[in-house]
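The model shown is predicted, which means the values in this text are computed figures rather than measured ones. Remember, it's 1-based here, ligands and their atoms both numbered in the order they're listed. FYI, side chains are in, hydrogens and waters are out, and symmetry mates aren't considered; it's all heavy atoms of this structure.
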Amino acid sequence: MRPLIAGNWKMHGLTEDSAALARGIRHGLGDLSPEVLVCPPFTQIAAVAAILEGSGIAVGGQDCHARRLGPHTGEVSAAMLRDLGAAYVILGHSERRADQGETDALVAAKVEAAVAAGLIPIVCVGETAAERAAGEQEAVVGGQLAGSLGAEFAGVVAYEPIWAIGTGKVPTIADIASMHAFIRAELVRAQPEGAGIRILYGGSVKPGNAAEILTVAEVGGALVGGASLVAEDFLGIIRAC
Ligand code: PGA
């Protein structure tokens with residue numbers, strides 16, 4: 001399977017910045033071979049999808065609501081994302097688990113909604129620094145996988161240690177390898193399609209460390225935050241594949 005390099009733009013980008021970033025990625029990509037995805041804020045999805053049309057670069061959302069429709073002021077459904085041209089949606093990012101109090105059960109409900117609308121969910125899991133210091137990382141991530149994916153998951157999992165997000169700190173290659181092997185084993189044990197589920201690494205991926213991280217066994221790509229906001233940095237990560 002080709003690696004998937006996904007950019008999470010988070011809450012960054014007005015119309016001009018987003019358009020320039022999307023054009024920069026499109027023009028710089030050339031015939032590079034990984035699968036590439038960008039996840040702009042809701043407000044920029046339609047414009048970015050239009051700029052990227054025909055490029056092979058996919059577009060995704062950063063969240064969706066668990067319900068199909070209804071009286072949920074300010075929310076965005078999975079079908080609305082699909083309608084704008086999104087193919088993927090990031091769910092259960094640690095920032096949402098922390099800021100919006102999203103639970104595993106809510107993430108599982110969102111996964112179901114995303115799949116029902118024809119989106120591929122990217123479910124984020126990962127431990128805090130304190131949990132790793134206490135040696136609890138596998139218990140934490142195992143619990144998140146068990147609670148967030150549902151019974152027949154066919155999307156993407158992103159392992160993002162919370163302490164590595166936006167900090168410039170990255171786990172050792174051995175720690176990435178061991179967590180990805182653990183996640184693979186859990187997926188194979190619990191999911192009918194577990195052997196084929198892509199597992200991304202996320203957390204301070206940069207052009208300078210991407211090549212080493214992307215060659216680790218069971219790392220099927222990267223979920224990139226900060227470095228996805230600069231076209232040359234994001235392209236540098238794509239070139240590292
Ligand atoms: P970062 O963010 O690359 O800025 O560490 C990753 C993420 O939160 O998906």
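- Between G202 and ligand 1 there is no heavy-atom distance shorter than 4.0 Å.
- The backbone N or O of P41 sits nowhere less than 3.5 Å from a side-chain atom of Q44 that would complete a donor-acceptor pair.
- D63 is listed as a side-chain neighbour of L91, based on a closest heavy-atom distance under 4.5 Å.
- With a 4.0 Å cut-off on non-hydrogen atoms, N8 touches ligand 1 through its side chain and not its backbone.
- Two residues are said to be in side-chain contact when any heavy atoms from C-beta on lie closer than 4.5 Å; R132 and D175 meet this criterion.
- Checked for salt-bridge contact, R26 and E53 miss the test: no charged N lies under 4.0 Å from a carboxylate O.
- Proximity to G203 (heavy-atom distance under 4.0 Å) selects the following atoms of ligand 1: 5 (O).
- When side chains are defined from C-beta on, Y159 counts as touching E127, because their heavy atoms get closer than 4.5 Å.
- In terms of polar-atom proximity, S204 is counted as a contact of ligand 1, with an N or O under 3.5 Å from an N or O of the ligand.
- Residue contact check: G226 has heavy atoms under 4.0 Å from atoms 1 (P), 3 (O), 4 (O) of ligand 1.
- Remark: ligand 1 atoms within the under-4.0 Å shell around heavy atoms of E160 are 6 (C), 7 (C), 8 (O), 9 (O).
- Within the structure, ligand 1 has H93 among the residues with a heavy atom less than 4.0 angstrom away.
- At least one heavy atom of G166 sits less than 4.0 Å from an atom of ligand 1.
- Taking any N or O of T167, backbone or side chain, none lies under 3.5 Å from an N or O belonging to ligand 1.
- The contact set between ligand 1 and L223, taken as ligand atoms under 4.0 Å from a residue heavy atom, comprises 9 (O).
- A donor-acceptor distance shorter than 3.5 angstrom exists from the side chain of Q62 to the backbone of K10, with no hydrogens or angles considered.
- Contacts between A164 and ligand 1, counted as non-hydrogen atom pairs separated by less than 4.0 Å, involve the backbone only.
- Closest protein heavy atom to atom 3 (O) of ligand 1: G225 N, 2.8 Å.
- Salt-bridge annotation for K110 and E102: present, with a side-chain N of the basic residue lying under 4.0 Å from a carboxylate O of the acidic one.
- With contacts defined as side-chain heavy-atom distances shorter than 4.5 Å, the pair L223/V156 does not qualify.
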